[in-house]
Asker: 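Please find one structure pasted underneath; my questions will follow.
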Amino acid sequence: MAAIIRRMAEVYNYINYEVADQRVSEWFLMSTPWPGIALIAFYLYFTFSLGPSIMARRPPMKLDRIMQIYDVIQIVLNAKLFIQAITMSTERGYSLFCEPVDYTPEATEVAALVHFYFKLKLLDLLDTVFFVLRKKDNQISFLHVYHHTGMIMCGWGGTKWIAGGHSYFLGVANSFVHVVMYTHYLVMSLKISKPWWKKYITQLQLLQFFLILVHFSQILFRDCGYPRWPAYLFIPQNLFMIVLFGDFYYHAYIKKKKPRTEKSTVDQNGKVSSISSDEKPKKQ
């Protein structure tokens with residue numbers, strides 16, 4: 001038993017310290033995985049237990065103004081990340097096909113941008129908090145919680161071991177989608193226009209997952225010094241997200257509602273009327 005515990009400690013030290021990016025070890029939540037694990041655990045506890053119990057006997061909170069400010073912050077921060085990532089990758093001549101991670105101190109600003117992306121994923125958790133406080137339980141789907149939890153894990157791991165290189169494309173694509181998405185939320189909140197474009201945002205998200213899938217698939221066939229293990233994580237992850245978002249898109253925008261069939265009824269006065277199959281006749 002002691003040998004097993006010793007071996008587990010050796011593996012943990014190897015993964016968390018020896019092969020980790022030493023440049024990020026002192027950054028926010030990056031020293032060990034435990035604070036991040038605790039944060040995710042509390043997020044899930046609040047979402048499914050603490051939050052609903054707090055709101056059980058309270059009316060839904062009106063958070064329109066707070067959410068509008070939140071949307072603006074998300075738009076600005078994601079636009080900042082998108083522009084900086086495009087600028088850095090262009091200046092450094094990053095390849096779209098295979099790009100190794102630069103672990104030198106000179107590339108610390110790239111690692112800092114990856115860490116900034118991770119912190120934005122933490123900020124995204126407020127989406128769920130707002131749903132809970134507004135008692136929008138129908139919005140807290142498996143897809144919603146899984147996506148937010150998964151992005152926290154990916155953001156942390158990306159910063160811990162592969163802060164830069166080939167994975168930069170994921171941050172570029174995702175930050176652009178978030179600019180569009182939170183702009184949509186802001187427009188909806190301000191009631192500026194009807195959301196005729198809503199399904200196109202889901203299409204954009206599906207395109208994002210497909211492009212990231214293709215992008216990471218390339219490193220299985222190319223050797224540029226970028227590790228291949230992220231592909232074994234991101235390829236199944238993005239396939240799963242395509243399935244989940246595709247299922248949502250199908251049920252929300254493609255699957256047709258069942259046509260109503262009319263049935264004749266006769267009331268107590270002998271009057272003939274018709275009702276659709278999804279309606280119940282009113283009591284006379």
Side-chain angles (χ1 to χ4, degrees), residues 1-51 74 77-78 81 84-85 88 99-129 132 144-171 174-175 178 212 216 219 225-238 240-241:
M1 187 65 181
I4 295 176
I5 296 175
R6 188 183 310 111
R7 181 55 181 168
M8 292 175 61
E10 291 174 355
V11 171
Y12 173 79
N13 288 330
Y14 176 76
I15 294 175
N16 192 65
Y17 298 110
E18 295 182 30
V19 297
D21 190 340
Q22 298 304 314
R23 299 172 302 173
V24 308
S25 60
E26 300 301 322
W27 294 356
F28 178 64
L29 294 182
M30 298 310 303
S31 59
T32 69
W34 306 117
I37 292 174
L39 179 63
I40 291 175
F42 181 76
Y43 165 72
L44 296 174
Y45 171 62
F46 176 85
T47 301
F48 295 112
S49 180
L50 179 61
Q74 283 278 16
L77 294 181
N78 278 280
L81 175 63
Q84 287 185 333
M88 285 187 185
E99 182 67 32
V101 181
D102 186 353
Y103 292 103
T104 63
E106 291 74 17
T108 301
E109 61 178 348
V110 177
L113 193 61
V114 177
H115 187 237
F116 179 61
Y117 175 80
F118 164 65
K119 289 186 286 187
L120 281 184
K121 299 306 103 182
L122 296 176
L123 182 64
D124 288 351
L125 298 182
L126 286 178
D127 290 343
T128 315
V129 174
V132 172
H144 175 86
V145 176
Y146 173 83
H147 181 58
H148 280 305
T149 305
M151 292 307 294
I152 293 293
M153 295 178 179
C154 291
W156 188 87
T159 308
K160 185 72 173 180
W161 294 295
I162 47 173
H166 195 72
S167 56
Y168 84 94
F169 180 78
L170 185 154
N174 191 246
S175 58
H178 273 66
I212 294 173
F216 271 98
I219 62 177
Y226 188 87
R228 287 182 176 175
W229 64 262
Y232 301 128
L233 297 177
F234 283 108
I235 289 176
Q237 164 70 6
N238 281 276
F240 190 39
M241 295 309 296

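Keep in mind that what you see is a predicted model, and the values were worked out from it rather than measured.
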Asker: Does the side chain to side chain contact (heavy atoms under 4.5 Å, CB included) test come out yes or no for Val145 and Thr149, once each step is laid out?
Answerer: CA-CA 6 Å; Val145 176; Thr149 305; 4.0 Å; yes
Asker: Does anything in residues 4-15 pair up under side chain to side chain donor-acceptor pair (under 3.5 Å), and if so which pairs, sequence neighbours excluded?
Answerer: Arg7-Glu10, Tyr12-Trp34
Asker: Using 0.5 Å steps for rounding, measure from the CD atom of Gln237 to the CD1 atom of Ile212.
Answerer: 9.5 Å
Asker: Please round to the nearest 0.5 Å and tell me the distance separating atom CG of Leu50 and atom CZ of Phe42.
Answerer: 5.5 Å
Asker: Can you name the nearest heavy-atom pair linking Ile152 to Ile40, along with the distance?
Answerer: CG2-CD1, 3.8 Å
Asker: Take Ile4 and Met8, measure what side chain to side chain contact (heavy atoms under 4.5 Å, CB included) needs, and give me the verdict at the end.
Answerer: CA-CA 6 Å; Ile4 295 176; Met8 292 175 61; 4.0 Å; yes
Asker: Assess the residue pair His178 and Leu120 against the criterion (side chain to side chain contact (heavy atoms under 4.5 Å, CB included)); give the C-alpha distance rounded to whole Å, side-chain angles, the decisive distance to 0.1 Å, and a yes or no.
Answerer: CA-CA 10 Å; His178 273 66; Leu120 281 184; over 6 Å; no
Asker: Please check if the side chain of Lys160 supplies one atom and the backbone of Met30 the other of a donor-acceptor pair under 3.5 Å.
Answerer: yes
Asker: With sequence neighbours excluded, what pairs up with Ser49 under the side chain to side chain contact (heavy atoms under 4.5 Å, CB included) test?
Answerer: Tyr45
Asker: List the residues meeting side chain to side chain contact (heavy atoms under 4.5 Å, CB included) with Ser175, not counting sequence neighbours, and say none if there are none.
Answerer: Asn78, Leu81, Phe82
Asker: Please find the pair of heavy atoms, one from Ala163 and one from Val101, that lie closest to each other, and give the distance.
Answerer: O-CG1, 4.0 Å
Asker: Would you please name every residue forming a ring-ring contact (aromatic ring centres under 6.0 Å, His included) with Phe240, sequence neighbours left out?
Answerer: Tyr146
Asker: Mind listing the side-chain donor-acceptor pairs of residues 108-115 below 3.5 Å, one per line with the distance, residues two or more places apart or on another chain?
Answerer:
from: Thr108; atom 1: OG1; to: Pro105; atom 2: O; distance (Å): 2.6
from: Glu109; atom 1: OE2; to: Arg92; atom 2: NH2; distance (Å): 2.9
from: His115; atom 1: NE2; to: Phe28; atom 2: O; distance (Å): 3.0

Asker: Kindly compute the distance separating CZ (Arg228) from CG (Leu233), expressed to the nearest 0.5 Å.
Answerer: 15.0 Å
Asker: To the nearest 0.5 angstrom, please state how far the CE atom of Met151 sits from the OH atom of Tyr117.
Answerer: 3.0 Å
Asker: Measuring from atom OH of Tyr43 to atom CG of Leu122, what distance do you get when rounded to the nearest 0.5 angstrom?
Answerer: 11.5 Å
Asker: Out of curiosity, Leu44 CG to Leu125 CG, how far, rounded to the nearest 0.5 Å?
Answerer: 9.5 Å
Asker: Do Lys119 and Leu77 come within less than 4.5 Å of each other through their side chains, counting heavy atoms only?
Answerer: no
Asker: List the atom of Trp161, the atom of Ile15, and the distance in Å for their closest heavy-atom pair.
Answerer: NE1-O, 3.0 Å
Asker: Check Trp156 against Phe118 and note the closest heavy-atom contact, atom names and distance.
Answerer: N-CD1, 3.4 Å
Asker: Any idea which heavy atoms bring Tyr226 and Gly164 closest together, and the distance?
Answerer: CE1-O, 4.0 Å
Asker: Any idea which heavy atoms bring Trp229 and Ile162 closest together, and the distance?
Answerer: CZ2-CG2, 4.2 Å
Asker: Extract all donor-acceptor atom pairs below 3.5 Å that involve side chains of residues 18-26 and protein atoms in other chains or at least two apart in sequence.
Answerer:
from: Asp21; atom 1: OD1; to: Arg23; atom 2: N; distance (Å): 3.1
from: Asp21; atom 1: OD1; to: Arg23; atom 2: NE; distance (Å): 3.0
from: Asp21; atom 1: OD2; to: Arg23; atom 2: NE; distance (Å): 3.2
from: Asp21; atom 1: OD2; to: Arg23; atom 2: NH2; distance (Å): 2.7
from: Gln22; atom 1: NE2; to: Tyr17; atom 2: O; distance (Å): 2.5
from: Gln22; atom 1: NE2; to: Ala20; atom 2: O; distance (Å): 3.3
from: Arg23; atom 1: NH1; to: Asp102; atom 2: O; distance (Å): 3.1
from: Arg23; atom 1: NH1; to: Thr104; atom 2: O; distance (Å): 3.1
from: Arg23; atom 1: NH1; to: Ala107; atom 2: O; distance (Å): 3.3
from: Arg23; atom 1: NH2; to: Asp102; atom 2: O; distance (Å): 3.4
from: Ser25; atom 1: OG; to: Gln22; atom 2: O; distance (Å): 3.1

